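Quick caveat: nothing in here was measured; it's all calculated off a predicted structure. Worth knowing before you read on, the calculation uses all heavy atoms, side chains too, and leaves out hydrogens, waters and symmetry mates.
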Amino acid sequence: MMSLPASALYAALPETEPTAAGHLDRIWSGSFADGARQEHDRSELWLVSWNIERGIRQSEILQAFRGPLKADFCLLQEVDLHTRRAGRRNVAEDFARELRMNYVFGVEFEELAQGRPESPAFHGQAVLSRFPITRTRIMRFRHQPYNWRHSWLPRWAWIQPRKGGRMALVVEILLSGQTLVLYNTHLESKASDAERAEQIQEILEDLRTHYPADVPVIIAGDLNTQEEASSPVVDYLRAAGFRDVLEGEKGPLRTKTGSRRRVDWILARNLRFSDARILELAISDHFPLRVRLALPPPPAILPTDGTRSVHP
């Protein structure tokens, strides 16, 4: 495994209260893990990706994470911070504290009808991890096909007036000297698949720019994309070497409650995976995905005496 340059990602920013300037680029973070699982059996790393519909049903979500969704990494979409609808809570921090995990939260949108003048409200992605989060950043898409600002309409909550744009929260996790890279994203719902494919291409461009080809990577989240022969989103990811963790599963594969649509995905590269499944928990308007991951073995090291050895 090649080492990653320190400049690959910005260091996670400490948690601070939002201000009027620069809050769309701010990252909230907290460390609540006890450190007991720094060294871990590589065959038992569980990852969940879930659009939690703002995290309003907190107690039920926590119960799921303590039970069938117990995981080492949780990639969450549609997470609220200081919104009226979620009780002005920091949803990601509440979950991390209760589950004894580390977390980062990145802003996708300022919710203009959900905040107060003294306390803006936000909506975005979060990653929870039982392991150290070494670096993180927001990768906001250049291509934003839909204008959520609605500046010509009243700031009524049902209209969802917003400031910001779709993005990926990029996170590095350190595991026994190896780095796992997570792209937690939510592609635009009010767009065509071709437009969402432009956003996926930006993620793949970012990946090529910042990381060596052999780094273990997960791209996951609400891609608002169904698996069809004509889906350019899925085509681009597969062409880049990513595998759907649910590949080979017999359909229909649905992740939206009340429909037969699959819009949520976990795709892996340079990782072994098994036991992937969709759990039909009616706690959000999306069902969660859970998969077991195994990192590849560490690279061989050639000692100076010419004999061959590997990392333990």
Side-chain angles (χ1 to χ4, degrees), residues 46-57 60-61 64-65 68-69 71 73-79 108 123-127 141 143 145-146 166-169 182-204 207 217-269 271-293:
W46 289 94
L47 181 142
V48 165
S49 180
W50 193 6
N51 179 324
I52 61 171
E53 196 181 9
R54 299 153 186 154
I56 295 172
R57 297 172 69 172
E60 293 167 273
I61 292 171
F65 278 130
L69 288 182
F73 315 109
C74 304
L75 280 62
L76 308 179
Q77 304 88 46
E78 290 198 11
V79 181
E108 186 174 55
H123 182 75
Q125 275 93 268
V127 171
F141 298 126
H143 183 65
Y146 184 77
R166 299 295 187 183
M167 57 82 162
L169 181 64
L182 308 173
Y183 283 80
N184 181 10
T185 193
H186 190 176
L187 303 187
E188 184 54 66
S189 57
K190 297 181 181 295
S192 68
D193 235 22
E195 290 171 315
R196 286 187 284 271
E198 291 194 41
Q199 295 178 329
I200 277 294
Q201 288 185 81
E202 289 185 43
I203 289 178
L204 295 174
L207 179 57
V217 185
I218 290 285
I219 295 176
D222 182 352
L223 304 189
N224 278 303
T225 298
Q226 299 184 68
E227 185 172 16
E228 298 173 353
S230 60
S231 170
V233 173
V234 177
D235 288 346
Y236 280 126
L237 287 164
R238 286 176 173 154
F242 283 89
R243 295 171 58 199
D244 173 17
V245 299
L246 290 169
E247 65 182 23
E249 292 293 318
K250 298 187 185 305
L253 300 177
R254 66 182 189 122
T255 63
K256 281 282 287 183
T257 59
S259 82
R260 299 182 70 84
R261 296 180 62 211
R262 179 198 179 176
V263 296
D264 302 275
W265 296 73
I266 300 174
L267 298 111
R269 192 171 79 178
L271 285 159
R272 299 190 303 276
F273 54 82
S274 61
D275 302 319
R277 59 180 299 202
I278 300 166
L279 288 89
E280 295 194 0
L281 303 175
I283 301 171
S284 163
D285 60 349
H286 291 245
F287 296 135
L289 282 67
R290 185 173 185 257
V291 64
R292 180 164 59 185
L293 303 174

Within a radius of less than 6.0 Å around CZ of Arg277, do more than 12 heavy atoms belonging to other residues, nucleotides or ligands occur? no
Can you tell me if Gln77 and Asn184 form a side-chain donor-acceptor pair at under 3.5 Å? yes
Given 3.5 Å as the limit, does a donor-acceptor pair link the side chain of Thr257 with the main chain of Ala282, or not? no
For the atom pair OG (Ser49) and CG (Leu76), what is the distance rounded to the nearest 0.5 Å? 8.0 Å
Any donor and acceptor pair, going by atom type alone, linking the side chain of Gln125 with main-chain N or O of Met167 inside 3.5 Å? yes
Applying side chain to side chain contact (heavy atoms under 4.5 Å, CB included), run through Glu53 and His286 and close with a yes or a no. CA-CA 8 Å; Glu53 196 181 9; His286 291 245; over 6 Å; no
Any carboxylate oxygen within less than 4.0 angstrom of a Lys/Arg side-chain nitrogen, looking at Arg196 and Glu188? no
First locate atom CG of Leu289, then atom CG of Asn51, and finally report the distance between them rounded to the nearest 0.5 Å. 11.0 Å
Within this structure, what is the CG-CG distance for the pair Leu182 and Leu169, rounded to the nearest 0.5 Å? 9.0 Å
Evaluate the side chain to side chain contact (heavy atoms under 4.5 Å, CB included) criterion for residues Val234 and Trp265: first the C-alpha distance (whole Å), next the side-chain angles of each, then the deciding distance (0.1 Å), finally the verdict. CA-CA 10 Å; Val234 177; Trp265 296 73; 3.7 Å; yes
So which atom in Ala276 and which in Val245 form the shortest heavy-atom distance, rounded to 0.1 Å? CB-O, 3.2 Å
Tell me, please, which residues at least two apart from Glu249 pass salt bridge (Lys or Arg N to Asp or Glu O under 4.0 Å). none
Does the side chain of Phe141 reach to within under 4.5 Å of the side chain of Ile203, using non-hydrogen atoms? yes
Can you sort out the partners of Phe65 under ring-ring contact (aromatic ring centres under 6.0 Å, His included), two or more places apart, ordered by chain and number? Trp50
Does Arg269 use its side chain to pair, donor to acceptor, with the backbone of Ala240 at less than 3.5 Å? yes
Verify, without hydrogens or angle tests, whether Thr255 (side chain) and Asp264 (backbone) share a donor-acceptor contact under 3.5 angstrom. yes
Please name all residues satisfying side-chain hydrogen bond (donor to acceptor under 3.5 Å, both in side chains) with Arg262, sequence neighbours left out, ordered by chain then number. Asp244
Distance from Leu237 atom CG to Gln201 atom CD, nearest 0.5 Å? 10.0 Å
Apply side chain to side chain contact (heavy atoms under 4.5 Å, CB included) to Thr185 and Gln199, showing your working. CA-CA 10 Å; Thr185 193; Gln199 295 178 329; over 6 Å; no
Is it the case that the side chain of Glu195 and the backbone of Ser192 share a donor-acceptor pair, with hydrogens and angles ignored and the cut-off at 3.5 Å? yes
Examine distances only and state if a side-chain atom of Asn224 and a backbone atom of Leu187 form a donor-acceptor pair shorter than 3.5 Å. yes
Closer than 3.5 angstrom, by distance alone: can the side chain of Arg254 be matched with the main-chain N or O of Ser259 as a donor-acceptor pair? yes
